[in-house]
Amino acid sequence: MGSSERTVFENPVVEWIDSRLPVFTMMQKEYGVFPTPKNFNYLWNFGAIAMFMLVTMIVTGIVLAMHYTADVTQSFDAVERIMRDVNGGWLLRYMHSNGGSFFFIAVYIHIFRGMYYGSYKQPRELLWILGVVIFILMMATAFIGYVLPWGQMSLWGATVITNLFSAIPLVGDSIVTLLWGGFSVDNPTLTRFFALHYLLPFVIFAVVFLHIWALHVTGSNNPLGLEPKTEKDTLPFHPYYTMKDSFGVVVFLLLYAYVVFFAPNMLGHPDNYIPANSLVTPAHIVPEWYFLPFYAMLRAITFDIGIPFTDIVIISAKLGGVITMFGSLLLWLVLPWLDTHPLRSARFRPLYKKLLILLVLDFIFLGYVGSQAADATLLGIPLSVFGLIATGLYFAYFIVILPWLSKNEKGRELPASIHEAVLAKNKK
Ligand code: HEM
């Protein structure tokens, strides 16, 4: 950045620093005067809320790590000691374990907001892709973190999920051995998971930095999906959105605090208060709620795919499940090229809006399927049948419906500008 672009600050200390390293100029440009569409609704708070949760997770996690020991003979007790003997340890732990859930709540809302308003469309494709990378990293971090207390669900969840990699042809078994650091989930697994659980949040932080950088290159989308044209369409980020984001964070914090203080085990599984025991498999292994829709897709494929009338299996049920689960996320990566409709916001695409709501309901239903035992039934029919149908609908939405809508949906007429739409709304 050339010195000519620098802001001159009155405070001599700030000015001294800024003339040598223009961080204040950068903040002023990106968070002070940054032109931001003036019509944001509260759904635009969730990026800031996610950021707040990421920082909360890192801070509470680092202090927890000061009291934790990664060793299969000690981890369970170390966590109990944090809960009972470390000053404020119970609060740290409940903030961290429930913080994971609230981080996912914020990010799920953030993602579906992006889908509803078409925020992934040109020119924000890379911003979106970086978001999906963050989401995948978050899932990896949360999964690994859940293993650390070394309870029954830690051990068995880790066993089920790491075993999936063995379905990959040729290299699968080697990958599993590498993940485990041996031939079963044991001490080397726990130690490497702890190392990675400490590392990954910082990787996420770095990708979030790129995510926000990309956002500040294109500027934000908004509920109308129109690009701002004149100064009348925007407001400076500060004080308008610093205030609105702070308000959103505080409201979210109230809900988070309610769960931390009054229902801290509501979202957890009681089996994880039983020390890990490799000789006793829990009757029903379930992941944390935020994985459930993907877990349902993993379990949806219960049959081998092969050449008919022969015994030749090309894709085993296990591999099919793995491909389906990872495929469901890969679809998000290519979403900007599946939905190429020229209009962004669902407000002007009535059919898209209905079908997206259907997708969200389908996703929630998949979550329900994932939460139930593999042999559960619904209305006398095996739940796995519903799981397969819901998975089919999920894929059809992305692969068939979105491209079809892109070509055939006639949208509503757009307002002339953000400014005019806001004025018209205020008049009403
Ligand atoms: C640690 C997780 C994340 C953080 C801290 C984060 C942060 C942010 C922030 C601060 C914004 C600007 C404010 C806003 O629009 O809400 C933003 C925008 C955006 N994020 Fe994220 N994000 C995260 C995860 C994700 C994920 C997982 C996705 C998608 C899969 C995503 C997609 C987007 C998109 C498309 C925008 C632009 C929205 C618009 O302008 O309408 N983000 N993000």
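Keep in mind that what you see is a predicted model, and the values were worked out from it rather than measured. Order of appearance sets the numbers: ligands from 1, and atoms from 1 within every ligand.
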Between [Y] and [X], does any NZ, NE, NH1 or NH2 come within less than 4.0 Å of an OD or OE carboxylate oxygen?
X: Arg84; Y: Glu80; result: yes
X: Glu15; Y: Arg6; result: yes
X: Lys38; Y: Glu420; result: no

Taking non-hydrogen atoms only, is [X] closer than 4.0 angstrom to ligand 1 via side chain, backbone, both or neither?
X: Ile111; result: side chain
X: Leu215; result: side chain
X: Asn221; result: both

- Message: Students often mix this up, so state it plainly: with edges at 30° and 60°, are the rings of Phe40 and Tyr241 parallel, tilted or perpendicular?
- Response: tilted
- Task: Classify the angle between the aromatic ring planes of Phe326 and Phe165 as parallel (below 30°), tilted (30 to 60°) or perpendicular (above 60°).
- Result: tilted
- Would you mind finding which of Gly47, Ser119, Gly118 brings a heavy atom closest to atom 10 (C) of ligand 1? Gly47
- Message: For atom 32 (C) of ligand 1, which of the options Arg344, Arg124, His211, Glu125 provides the nearest non-hydrogen atom?
- Response: His211
I need the nearest protein heavy-atom contact for [atom]: residue, atom name and distance, please.
atom: atom 24 (C) of ligand 1; result: His110 CD2, 3.7 Å
atom: atom 3 (C) of ligand 1; result: Ala50 CB, 3.9 Å
atom: atom 1 (C) of ligand 1; result: Phe103 CZ, 3.4 Å
atom: atom 28 (C) of ligand 1; result: Gly131 CA, 3.4 Å
atom: atom 2 (C) of ligand 1; result: Ile134 CG2, 3.5 Å
atom: atom 13 (C) of ligand 1; result: Trp44 O, 3.9 Å
atom: atom 5 (C) of ligand 1; result: Met51 N, 3.5 Å
atom: atom 37 (C) of ligand 1; result: Leu127 CD2, 3.4 Å

- N/O separation below 3.5 Å, Asn45 to ligand 1: no
- Query: Would one find an N or O of Arg113, backbone or side chain, under 3.5 Å from an N or O of ligand 1?
  - Reply: yes
- Message: Show, in sequence, the C-alpha distance, side-chain angles and deciding distance for Glu227 and Arg124, and conclude whether the salt bridge (Lys or Arg N to Asp or Glu O under 4.0 Å) test is met.
- Response: CA-CA 12 Å; Glu227 293 296 336; Arg124 299 183 182 80; 3.1 Å; yes
- Task: Mark yes when over 12 heavy atoms from residues, nucleotides or ligands other than Trp337 sit less than 6.0 Å from its CH2; otherwise mark no.
- Result: yes
- Message: Check this for me: Lys229, atom NZ, are more than 12 non-hydrogen atoms of other residues, nucleotides or ligands nearer than 6.0 Å?
- Response: yes
- Can you tell which of Thr218, Asn222, Asn221 makes a side-chain hydrogen bond (donor to acceptor under 3.5 Å, both in side chains) with Ser119? Asn221
- Task: Determine the sole option in Leu155, Val160, Asn163, Leu179 for which the side-chain contact (heavy atoms from CB on, under 4.5 Å) test with Val185 is passed.
- Result: Leu155
